[in-house]
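What you see is a predicted model, and the numbers here were worked out from it, not measured in a lab. We name chains A, B, ... by the order of the sequence lines, and we start the count at 1 in each one.
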There are 2 protein chains.
Amino acid sequence: MPSSKKAKSVRAATLSDVGREAGVSAMAASAVLNGARTSSRISPETRERIEEAALRLQYRPNAAARALANRRMDTIGVATVFESRELNPYFLEVFNGILETAALHEQNTTVFDWQRGAAKLPGWCDGRIDGLILIAPTLTSEAAKVLPGHTPFVAIHANVELPNVVNIETDEERGAYEVVRFLISQGHKRILHVSGVAGLVGSDRRLRGYKRALASAHIGLDNALIIPAGFCSDDGYRAMRSWLQQHAGELLPHAVFCVSDGVATGCLEALSEVGLRVPDDISVAGFDDTLSARTTLPQLTTVRQPLRAMGNRAVEVLLDRIHRQNTGDKQLTEKSIVFPVALVTRASVGAPPAIKRVVPSRR
Amino acid sequence: MPSSKKAKSVRAATLSDVGREAGVSAMAASAVLNGARTSSRISPETRERIEEAALRLQYRPNAAARALANRRMDTIGVATVFESRELNPYFLEVFNGILETAALHEQNTTVFDWQRGAAKLPGWCDGRIDGLILIAPTLTSEAAKVLPGHTPFVAIHANVELPNVVNIETDEERGAYEVVRFLISQGHKRILHVSGVAGLVGSDRRLRGYKRALASAHIGLDNALIIPAGFCSDDGYRAMRSWLQQHAGELLPHAVFCVSDGVATGCLEALSEVGLRVPDDISVAGFDDTLSARTTLPQLTTVRQPLRAMGNRAVEVLLDRIHRQNTGDKQLTEKSIVFPVALVTRASVGAPPAIKRVVPSRR
DNA sequence: CTGAAAGCGCTTACAG
DNA sequence: CTGAAAGCGCTTACAG
């Protein structure tokens, strides 16, 4: 038996096939099956015949051909650093919002892992996506200038101002202010702040909120109570542990305000290691309200950002920009959209204990 | 000033543009810039001229045109139920592996949220993707039959056998067996199992491993110690709490083996609520080793699945299938690929306490 | 109301 | 070693 090299694979039906089957032209089929405004021009009978033929042949419009003709892929890109040192539940929630709204508008969503700076970014803007959402990019202003001009961008939590890019962000300073005010309202005065990477907008704003809250309650700022760390639980663990070691015998803070839930998780671990109980001996608060804020024990008092809604909005804004670009109206209506945050109180914050000193750490 | 309706947008350079700039034909440019095997046919000088021209014009191949000509999108799809009741860190790790390998092969990755059964699936197979990875699909055998025949599929942790679909899974029974054997080796005998949804392959296999481990240690099976729950932390919390309420005054189990880390997290919460300490009063083990296994306190003893590697492999297998399909060789070489699992011991498991009874719950 | 033509930007045979 | 032609499947003007 001769093996035919060209195995006649079941070719998908095209508009011509449908047209032939229905006894009309391919354009008529196009108008009925894919056309938006021109579809009214086909008579009801013809229309029905075409629809039946399409059904019979299982016609599906070919995405590539349509994209080529329309100069539009109906696809948005999402770029993020997918894993720095920890998998990032923050992404999960933002992305969920993005997918939701994209599906609503019948847009595909393709994801890029943006591990090494902006280098690969221009390559993604070759027509395979109509626009790009940058999730929490940490770009230098320098790198931002390299963003291709023909592709619309939207950023979420960008750390620098990007020219011609809408940034969707949250009022982090207010969030930090409120959670620290809450700690103060519970009677805490000596409040340690485990901070993020200095220079990043996220860290700086949260630090500012912390300082403003102390000032508003007339609590003097003690720089020794601010320790730079990072955003991961490791960072929190290490920062807390070494602080405890270095301050053995001294007064324990009443509470710890951590720059992120991940950091707070690490703090809890370090505190538990030296036998300190949360919130009985010391209170802990986080920021972000990610998954881990609810899997710690006690669960974390933290600041919630409407990440899903921000994802929704990012898509809306991006699609709007894509549409405007096509109509030649490239003007940016707004540079930044700020979402509110909300204090979430859970069991990790209690009343301050009587005087408590740092016990020498076990190792 | 007359507003020109057709704003002359900066059209991206095409192969013709590059060809003209370099004084050659578009095909020559194609051969040099995009061609794989035919590129050798161009003389070095011409090649250089073309490459310079491309650089000067910032030429980028148009993805849609290429896809149309090649009948290949260079894009793989990933479908999953993105959020059932909890955001799913399991996805994060699998997806990371998928992105990694896809990028390696210069494939795009587009994500579909598969909320409502298989209904929308055929629509995604219209040429916009070359193949599809189903992550943890819960399909009926019935629905599986509707999978379009022209698109290659790969599943990860599928719950039913899908015709003509490779399934990438783990040896969950062995994982459960090993973690329960470990509990036994630590001296635990009365081991509660908080199980998942009955009938799902994942639950059933883990339950089977639990039973087999007990049997192998000659511990009689007590069906009262198996409680059906689900996979979320809520499920675990509720299951554990009501068990404690219903068995107030009775013997406390030595240990709890939970069907997932999420469930284990909920258990920890319920146990802590009634003042039971883990692992001093009771030990707890999970399954999956997701993010939350490390954010609980104490951290969870659990079973690790190589999710990232499974994501890597899923892409490899899918690309292979896509390639084979194009060459007409559609035969499935293997139906299932089973990855090993590994016991991960952490602080949530200790030695069993002296006799301990369930105290009446607080409410 | 309907169809023939041209074009989107790329490839793959086929000639030279 | 290089180019003219035809085609991938769809659209959008343009004729009738």
Note, DNA chain C 5' to 3' with Watson-Crick or G-U pairs under 3.5 Å encoded as ( ), [ ], | and . gives |||.||||||||.|||
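Ion pairing between A:Arg308 and A:Glu100 holds under the 4.0 Å rule for side-chain N and carboxylate O.
In this structure, of C:dG9, D:dT11, D:dC10, it is D:dC10 that holds the atom nearest to the side chain of A:Ala65.
The aromatic rings of A:Phe112 and A:Trp124 lie parallel to each other, with less than 30° between the two planes, well short of the 60° mark. Ring-plane geometry between A:Phe95 and B:Phe95 is classed as parallel, the angle between the planes falling under 30 degrees on a 0 to 90 degree scale with a further cut at 60.
With hydrogens and angles disregarded, a donor-acceptor distance shorter than 3.5 Å links the side chain of A:Asp130 to the backbone of A:Asp74.
Looking at heavy atoms from C-beta onward, B:Tyr59 lies in side-chain contact with B:Leu33 at the 4.5 angstrom threshold. Residues A:Ile76 and A:Ile98 are in side-chain contact: their nearest non-hydrogen atoms beyond the backbone lie under 4.5 Å apart.
Going from atom CG of B:Asp17 over to atom P of C:dC8 covers 10 Å, rounded to whole Å. If you take CE of B:Met27 and P of D:dA6, they are 13 Å apart, rounded to a whole angstrom.
Each of A:Ala69 and B:Val24 lies near DNA chain D, and the nucleotide nearest B:Val24 is the one positioned closer to the 5' end.
Applying a 4.0 Å cut-off to non-hydrogen atoms, the residues of residues 54-62 of chain B that approach DNA chain C are B:Tyr59, B:Arg60, B:Pro61, B:Asn62, listed by residue number.
Within a 6.0 Å radius of CD in B:Glu161, no more than 12 heavy atoms belonging to other residues, nucleotides or ligands are found.
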side-chain contact (heavy atoms from CB on, under 4.5 Å) assessment of A:Val78 paired with A:Thr110: CA-CA 6 Å; A:Val78 174; A:Thr110 113; over 6 Å; no
